[in-house]
Amino acid sequence: MQYSKMFIPTLKDSPADAEVVSHKLMVRAGMIRQVASGIYTILPMGLRVLRKVEQIIREEMDRIDSQETFLPSVQPAELWQESGRWDFYGKELLRFKDRHGREFCYGPTHEEIITDIVRKEVKSYKKLPLILYQIQTKFRDEVRPRYGIMRGREFMMKDAYSFHTDDASAKETYQKMAVAYENIFNRCGLGFKMVVADSGTIGGNFSHEFAVLADSGEDHIGFCDSCDYASNLERAEARAPSPAQDTPKLDNLKEVSTPGKKSVQEVAEFLSVLPQQIVKTIVMDSDQGLVAGLVRGDREINPIKLKNLIGAEWIRSADPKAISEETGIPLGFVGPVGLKLKVFADREVEASNNFVTGANKTDAHFTGVQINRDFKAEQIGDIRMVIEGDPCPKCASGTYQVKRGIEVGHIFILGTKYSKSMKAHFLDLNGKENPMVMGCYGVGVGRTAAAAIEQNHDEKGIIWPVPIAPFAVHIIPTNYSQDAVKKASDSAYKILQERNIEVLLDDRTDRMGVKLNDADLLGMPLQIIIGPKNIESGKVEVKVRKTGVSELHDFPQVLENIPAILKDLVS
RNA sequence: CGGGGCGUAGCGCAGCCUGGCAGCGCACCUGCUUUGGGAGCAGGGGGUCGGAGGUUCAAAUCCUCUCGCCCCGACCA
C-alpha cells in the first residue's frame, strides 16, 4: 500500500481523554476514533491489526474442529426470558423494541441464540460433540467504559460454544480450547498467564482466564513464584492456617466500652491489641438476603469467594442503611455474637482465640470471643483476599506475587445451565433424553490488539509483533522527489509485494523527519530507509523497530533476506 | 449508580475569577525556497465558545436547567 493513498490520520498530541498508552497510541497512529463513550470507529490501520488477530483465531479454531458461524447481533427477548437472563442481566443488556413493539436486545453474548439453534437441529448423541464459533460485534452497556477499545461497550469478540453428551467430553474440549488459546496469544506475541477465574454472570462452575500482564490491566492476578499456580485474585485461594501448637487459655466473653471506635485501626489502638486479634464482620447483600462474613481484622474479605461459599447467584456490599434497618445495629459495631444474620467465617477466624468483635450495640465491643462457644457460623471456609507474600496454597515453598492483568480470553464449562433452562436435549445410546453439557469460550479481539500495544511500545510509538503488524515492512524514501531514491523505493516496493510481503511505501514528499517519526509511531517491525547517498553506493538501511538497530545492506540483494529477517523477529 | 473534573477550530490549549474585537501552537490550503530525525518565509481558510433559558446596553465569561465526555469506587472479552 502506498502511504499517500491510505487513510492514516496520525496525531502529534495525544487526545486529552486518553489515559493508557494503548489508547493514546491507537488514536495517535490513526487506528481508532471515538464516536461515543465506549464506541469507536475502527480505521484502516486499526482494522488491519484486528483482521490479523481474527485470522490467527480462525486458524486455531479450525485446528480443533471448531466451525465458524455468524449469529445475529439483535436477539429476541423471548430467548433471554427462557434462559432467565432477561431479568438477571440488568442494565448492561441494551434493550429496545421494534416497530411492532416486540422486545429485542443487542447481544452481549450468544449462549441463548446458539443453544436455540442447536436444540432445534441436534437431537442425537451421534452429532456430539459440536463446537461452533463466531467473530462478532457485541454490545454491553457497561457502567464505566474506559481505556479506548480495551474496554468499550461495543467490541469485537470471538465466542465459541461447545455441546457435549457428558462432563468428560466437555472437559476434553475445554482442554483443547485452552491449548488453542495458548497458541493464539503466543502467536500474537503476548506474554500471558492462564489463571483460575470466577465465571461471573455467564454462569457455570469451572473457568480460566487468559491474562496479559500489564500495569494498565484492570484485573489483579495472584500467582506462585515457585509452582505454576495462578489465579485471578477474586478467586485466589489462601493456604489453610496451621492449627495452634498448644491449647491456649480461653478468656471469658466480656463487653467493653469503645466510644466512637468503629474501624479496626481505632479499636485496635483503643484496646491495645493487634489488628489480627480483631475479627471484622462484613455484611453483604445477596440473592439470599443479607449475610455476614467474618475475617481477621488485618484481612480483607473476598466477596466472590464468599458468594461461592454460600452458593449465591450474586453478592454486593450491603447498603449501610439496610444493615441498620434489618439488624438494628449501627455500622461499626456489628459482631457475630447474637447476630440475626447467617454468619460465614474465614478459616483463620476458626483458628483464632480470644478475639475482639463488635457487640452489636453502639460504642461497645466484646473481647475474649470464641467461635463455636459464643456464636455459631453457618459455614467456615476460605473467604479472605490473598495478598502478595502470602504462602502458596498449592506448594510448600512458594509465595504469592500479585500483578495486574488484562483479561484477553476466558473459557468456561457451563454445565447444563442453559441446556436445562432452554431444553437443549439429546437422545443417548439408550434413547433416553438428557440435557447437553455446554462450554463457552471468548477472546476479545480489540482488547488483544490493545494488550499487544501495552506490552510492545516505547516512547516513540507502537512496536508491533510481526504476526499482527498491519504491514511487515515500511519503506521510507528519505526524499521521494529524487529520481534515484524514488526508483529504488518503487522497485523495492514492487519486489516485496511480489514476494507476498505486506509493505507500506511512504511515497509522501514530506521531509525525512516527519516520515521517520510516523514510521516509529505506526510501528511496523521492519523499516527500509532509502536515501540518496546510500543508494548511490548501492546500499539501503534496514532498521528493526524493536531494537532500533539499523544496518546498511546491499540493494537490491537484501530484499531476498527480508523473509528470513522477519522470521527471526517472531521467535 | 455515588464522588470529582472538563466541554472554546481537526488535535493540544489560553481567555472565564474581575462581562466589552474569539485567540495561541500544531494540523490544513496557495506560492517560493528547503529535503538524513516533526523546515523557513509570505499569504489564506476554518468557530452555533456543547445545548436551552435567564440577567445585562452588552455573555465564551454571571445565574438556572440540560446534554456529552473523562477520572476514582461495585461489573466484564
Side-chain angles (χ1 to χ4, degrees), chain A residues 9-20 23-24 27-28 30 33-39 53 57 89-92 108-110 135-160 181 185 197-202 207 209-212 217-219 232 234 284-285 303-304 314-319 406-412 440-451 460 476-482 485 508-521 527 529-535 541 543 550:
Chain A
T10 61
L11 297 173
K12 278 192 196 175
D13 297 312
S14 297
D17 52 15
E19 196 71 13
V20 298
H23 185 194
K24 287 180 186 167
V27 174
R28 285 191 53 210
R33 287 292 186 269
Q34 186 178 49
V35 174
S37 178
I39 300 177
V53 175
I57 292 171
Y89 216 94
K91 285 189 177 170
E92 217 172 273
T109 172
H110 284 72
I135 297 175
Q136 228 234 22
T137 300
K138 303 273 188 272
F139 192 94
R140 296 182 187 174
D141 200 353
E142 296 238 17
V143 189
R144 194 148 107 71
R146 60 180 137 179
Y147 300 160
I149 65 167
M150 200 145 104
R151 182 170 168 180
R153 292 192 292 174
E154 186 179 272
F155 59 98
M156 197 67 83
M157 178 174 159
K158 186 283 301 185
D159 44 325
Y181 273 40
F185 299 121
D198 193 66
S199 51
T201 44
I202 302 287
S207 106
E209 277 174 14
F210 291 79
V212 168
E218 297 187 87
D219 284 354
N232 191 306
E234 63 186 23
M284 307 286 297
D285 193 9
I304 302 292
W314 56 267
I315 201 161
R316 63 170 175 243
S317 323
D319 176 22
I406 301 165
E407 180 190 1
V408 289
H410 202 156
I411 59 181
F412 306 79
C440 80
Y441 320 88
V443 174
V445 175
R447 186 179 281 185
T448 298
K460 304 221 78 170
I476 306 149
T478 61
N479 183 344
Y480 197 65
S481 37
Q482 270 202 15
V485 172
R508 297 175 298 173
T509 52
D510 293 71
R511 299 167 71 87
M512 186 192 73
V514 174
K515 298 206 272 191
L516 289 177
N517 280 308
D518 273 340
D520 287 343
L521 173 62
Q527 299 174 4
I529 301 162
I530 303 179
K533 277 189 192 144
N534 286 330
I535 205 67
E541 213 175 303
K543 182 175 148 192
S550 166

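Letters A, B, ... mirror the listed sequences (proteins, then strands); counts begin at 1.
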Sugar-phosphate only, base, or nothing, as touched by [X] at under 4.0 Å among non-hydrogen atoms:
| X | result |
| --- | --- |
| A:M512 | base |
| A:S14 | sugar-phosphate |
| A:K91 | sugar-phosphate |
| A:G531 | base |
| A:R28 | base |
| A:V514 | base |
| A:G444 | base |
| A:M284 | nothing |
| A:D520 | base |
| A:Y181 | nothing |
| A:G152 | base |
| A:P108 | nothing |
| A:E19 | sugar-phosphate |

So which nucleotide does [N] pair with, by the Watson-Crick or G-U wobble rule with both distances under 3.5 Å?
| N | answer |
| --- | --- |
| B:G25 | B:C11 |
| B:A59 | none |
| B:C6 | B:G68 |
| B:G38 | none |
| B:C16 | none |
| B:G73 | B:C1 |

Side-chain donor or acceptor of [X] under 3.5 Å from a matching atom on the base of [N]?
| X | N | value |
| --- | --- | --- |
| A:N534 | B:G36 | yes |
| A:D219 | B:C76 | yes |
| A:N479 | B:G36 | no |

Check the distance between [N]'s [atom2] and [X]'s [atom1] and give it to me in whole angstrom.
| X | N | atom1 | atom2 | value |
| --- | --- | --- | --- | --- |
| A:D518 | B:U35 | CG | P | 21 Å |
| A:R146 | B:G4 | CZ | P | 18 Å |
| A:D17 | B:G12 | CG | C1' | 12 Å |
| A:R144 | B:G73 | CZ | C1' | 8 Å |
| A:D13 | B:C28 | CG | C1' | 15 Å |
| A:L11 | B:G38 | CG | C1' | 13 Å |
| A:E218 | B:C76 | CD | P | 12 Å |
| A:N232 | B:A77 | CG | C1' | 13 Å |

Distance check: side-chain N/O of [X] vs OP1/OP2 of [N], anything under 4.0 Å?
| X | N | value |
| --- | --- | --- |
| A:Q34 | B:C70 | yes |
| A:R316 | B:C75 | no |
| A:S37 | B:C70 | yes |
| A:R511 | B:A39 | yes |

Handout entry: Candidate list A:H410, A:K138, A:Q136, test side chain to side chain donor-acceptor pair (under 3.5 Å), partner A:D159, passing option
Key = A:K138

[X] side chain near [Y] side chain, heavy-atom distance below 4.5 Å:
| X | Y | result |
| --- | --- | --- |
| A:M156 | A:V53 | no |
| A:R140 | A:T109 | yes |
| A:D198 | A:N232 | no |
| A:R33 | A:P9 | yes |

If the [atom1] atom of [N] is compared with that of [M], how far apart are they to the nearest Å?
| N | M | atom1 | answer |
| --- | --- | --- | --- |
| B:C62 | B:U8 | P | 16 Å |
| B:G12 | B:G50 | P | 15 Å |
| B:C65 | B:C72 | P | 28 Å |
| B:A59 | B:U18 | C1' | 14 Å |
| B:G51 | B:G7 | P | 13 Å |
| B:U34 | B:G38 | C1' | 15 Å |
| B:G40 | B:C26 | C1' | 16 Å |
| B:U66 | B:G3 | P | 14 Å |

Problem - Distance-minimising heavy-atom pair for A:R28 and A:S14 - result: CD-OG, 3.3 Å

Exercise for the section: Given side-chain contact (heavy atoms from CB on, under 4.5 Å), test A:K515 with A:R508 step by step and report yes or no. Expected result: CA-CA 8 Å; A:K515 298 206 272 191; A:R508 297 175 298 173; 4.0 Å; yes

Problem - Which residue lies more 5' along RNA chain B, comparing A:S550 with A:V443 via nearest heavy atoms - result: A:S550

Handout entry: 5'-most by nearest nucleotide on RNA chain B - A:A36 or A:V445
Key = A:A36

Among [options], which nucleotide sits nearest the side chain of [X]?
| X | options | value |
| --- | --- | --- |
| A:I529 | B:G36, B:C76, B:C26 | B:G36 |
| A:K543 | B:C69, B:C76, B:G37 | B:G37 |
| A:L516 | B:G37, B:A27, B:A77 | B:G37 |
| A:H410 | B:A74, B:A77, B:G38 | B:A77 |

Practice task
Answer yes or no: is there a donor N or O on one side and an acceptor on the other, between the side chain of A:T478 and the main chain of A:M512, under 3.5 Å?
Solution key: no

Handout entry: Geometric class of the A:F185/A:Y181 ring pair [parallel <30°, tilted 30-60°, perpendicular >60°]
Key = perpendicular

Practice task
Could you tell me whether A:R151 and A:E218 have a side-chain N and a carboxylate O separated by less than 4.0 Å?
Solution key: yes

